[in-house]
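To start, the structure under review is shown below, and the notes come after it.
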Amino acid sequence: MTREAVAVPERADAASSTSRFGRAALAAVVLLCGLTMLAGFLNKDRCTGPEFDQWGRSGPDYERRNKAEVCYSDIQHLWIGRDIDRHVFPYVNGSIDSEGALVGGVVEYPVLTGLMIWAGAIPARTDAAFLLFSALLMAPFGLAAGWLLGKLSRWRALIWALGPPMVLYAFHNWDLPVVCCAVAAVYVVHRGWGRRERPLVDRAVVASVLLGLGFAFKVYPAIFVLPLCLYVLTGGPGGRWLPRGARHDVAGAVKVALACVVTVVLVNLPFALAGVEGWRASFAFQGLRRVDITTNSVWFWSMRPFLADDVMQPLVSVLSPLAIAGSFALACLLGWRRHLAEGSYPWVAVSAAMLCGFLLLHKVHSPQYTLWLVPMFVLLRVHWGWVAAYFAADLAMGVGIFRWFYAIEFGEPSGIYDGFSAQAVVIGVWGRAALLVALFFVFLRSEVTFADRRPARRRPAPATTA
């Protein structure tokens, strides 16, 4: 009698979790996400029409309505002023003029977002149609993010699917594709693809490609490559994926970093070769952007009352990147300390903390950036109170900022004692800032809300007669 060990693949945690969660439940999450995005579209669509001028701009009183009725979106607004309405292919023939204005089809976003903007404008002749076609292009990314979050974290994905930020910002700007890239990267690292379990380095390389594509949409996912490299360097969960006899997987970490760099270069290179001035102009525009009342950053609110503008601008240009780099270093260091204590590098938690540092310390904090943070509330086990508090502060900002702009622009009382709009902006700016500081450390202590895919398990085959 002999017994032979036969490898039998174990169903992954991803599959068993989905089974317990149920396909119907996952479909419900995606459906609810779609309904919330529809509400978000209808909210922005209130600003369109019913009349249109010769340039396709909505009327009457577009500028007054988009602030007074809190239905402003960058998508509709940028129909005019970036040659989008003229269907000019972006970057190739453009530049930035001496006054910092973009001309010749350049938009102030990385190239994949520029392509999406151009594609959404092809069938459009009005800002209303541009908003509609752009929403149709982006909606699948929002649904895919909801599906992936549901696969990973089950019902907790409702934070994404039903949260107020989806209504406020799903179609405020072009952010759903970049969020999808970031979520997909986490999914690939921890669940892989197909039935076969793949080495950590292979999964992390694919995730790094996704983060590189995210960079080509909106830059921020690239910051997650550093903690991902540290995760691979330390061998993943408990060091299980370290090469035999090695304390660190240096070669694997380098492969992961190179995958992102190569992806970014390959995506950007055709545009740089076709029109280097136009391609470079999009980055120059962001570098030249001033810290002012429209940027919503703590730099403006903390420094402008005490410093002249010509002193504040160059100072923030130095302090902001240094502070961001410092927050990244601190997050990675605290993550390393947790690795030494627990045996696994918490790359998702560190990524979330780094994102908090970026949102807090960057010189621009646009309202829709909240969409970047929402998946972290899903992927990390933070108390619901933190989620509710951040959504409340964000809601105060998302509504208050446009009502305040309306009061300023159209001669209404706009002082802090004149109405709630100015007070709501203060609550939004400083409430978010305080919460981002706290969440930086809360995220670093948090566990993920999903399980890794289980490795294959071996079991003995039935006995056979020799």
Side-chain angles (χ1 to χ4, degrees), residues 5-17 151-153 182-212 214 221-263 328-355 376 379-381 443-459:
V6 178
V8 178
E10 169 112 342
R11 177 175 289 186
D13 265 2
S16 59
S17 294
K151 294 270 285 184
L152 285 168
S153 304
V183 173
V186 176
Y187 185 89
V188 166
V189 170
H190 293 279
R191 295 291 170 81
W193 60 93
R195 294 182 177 274
R196 181 168 62 88
E197 185 187 32
R198 301 171 191 277
L200 173 61
V201 172
D202 291 355
R203 287 178 275 131
V205 164
V206 173
S208 186
V209 170
L210 289 167
L211 295 175
I223 68 178
F224 302 158
V225 174
L226 176 55
L228 179 58
C229 287
L230 293 174
Y231 182 70
V232 172
L233 180 72
T234 55
R240 173 175 165 255
W241 291 97
L242 285 173
R244 186 180 299 275
R247 295 184 60 186
H248 298 104
D249 187 358
V250 176
V254 170
K255 287 180 182 178
V256 172
L258 286 176
C260 181
V261 172
V262 170
T263 300
F328 289 177
L330 178 61
C332 290
L333 176 62
L334 294 177
W336 191 264
R337 290 179 60 182
R338 185 172 167 186
H339 155 66
L340 295 177
E342 301 177 5
S344 299
Y345 190 83
W347 85 277
V348 177
V350 172
S351 296
M354 291 171 68
L355 181 56
M376 298 305 182
L379 297 169
L380 293 166
R381 200 174 303 283
F443 281 143
L444 284 170
R445 295 195 302 267
S446 298
E447 301 292 338
V448 294
T449 57
F450 53 87
D452 273 3
R453 183 173 188 158
R454 286 181 188 165
R457 188 174 64 183
R458 299 177 72 86
R459 72 182 183 195

Table please: side-chain donor-acceptor pairs of residues 241-263 below 3.5 Å, with sequence neighbours left out.
from	atom 1	to	atom 2	distance (Å)
Asp249	OD1	Gly252	N	2.9
Thr263	OG1	Ala259	O	2.7

Minimal non-hydrogen separation, [X] against [Y], with atom names:
X      : Y      : value
Ala182 : Leu211 : CA-CD2, 4.2 Å
Leu200 : Gly235 : CD2-C, 3.9 Å
Gly192 : Arg203 : CA-CD, 3.8 Å
Val188 : Ala207 : CG1-N, 4.1 Å

Trp336 and Tyr345 aromatic ring geometry - parallel, tilted or perpendicular at 30°/60° bounds: tilted
For a 4.5 angstrom cut-off between non-hydrogen side-chain atoms, does [X] reach [Y]?
X      : Y      : result
Ile223 : Ser351 : no
Arg240 : Ser344 : no
Thr449 : Leu152 : no
Val232 : Trp347 : no
Tyr231 : Val350 : no

Between CG on residue Leu226 and SG on residue Cys332, distance to nearest 0.5 Å: 4.0 Å
Rounded distance (nearest 0.5 Å) linking atom CE of Met354 with atom CG of Leu330: 11.0 Å
Check: Lys151 main-chain N/O paired with Arg191 side-chain donor or acceptor under 3.5 Å: yes
Partner of Val186 by side-chain contact (heavy atoms from CB on, under 4.5 Å), out of Leu379, Leu210, Leu228: Leu379
Listed once per pair and sorted, the salt bridge (charged side-chain N to carboxylate O under 4.0 Å, His left out) pairs that draw on residues 339-354, sequence neighbours left out: Arg338-Glu342
Contacts of type side-chain contact (heavy atoms from CB on, under 4.5 Å), residue Val448, not counting sequence neighbours: Val348, Leu380, Phe450
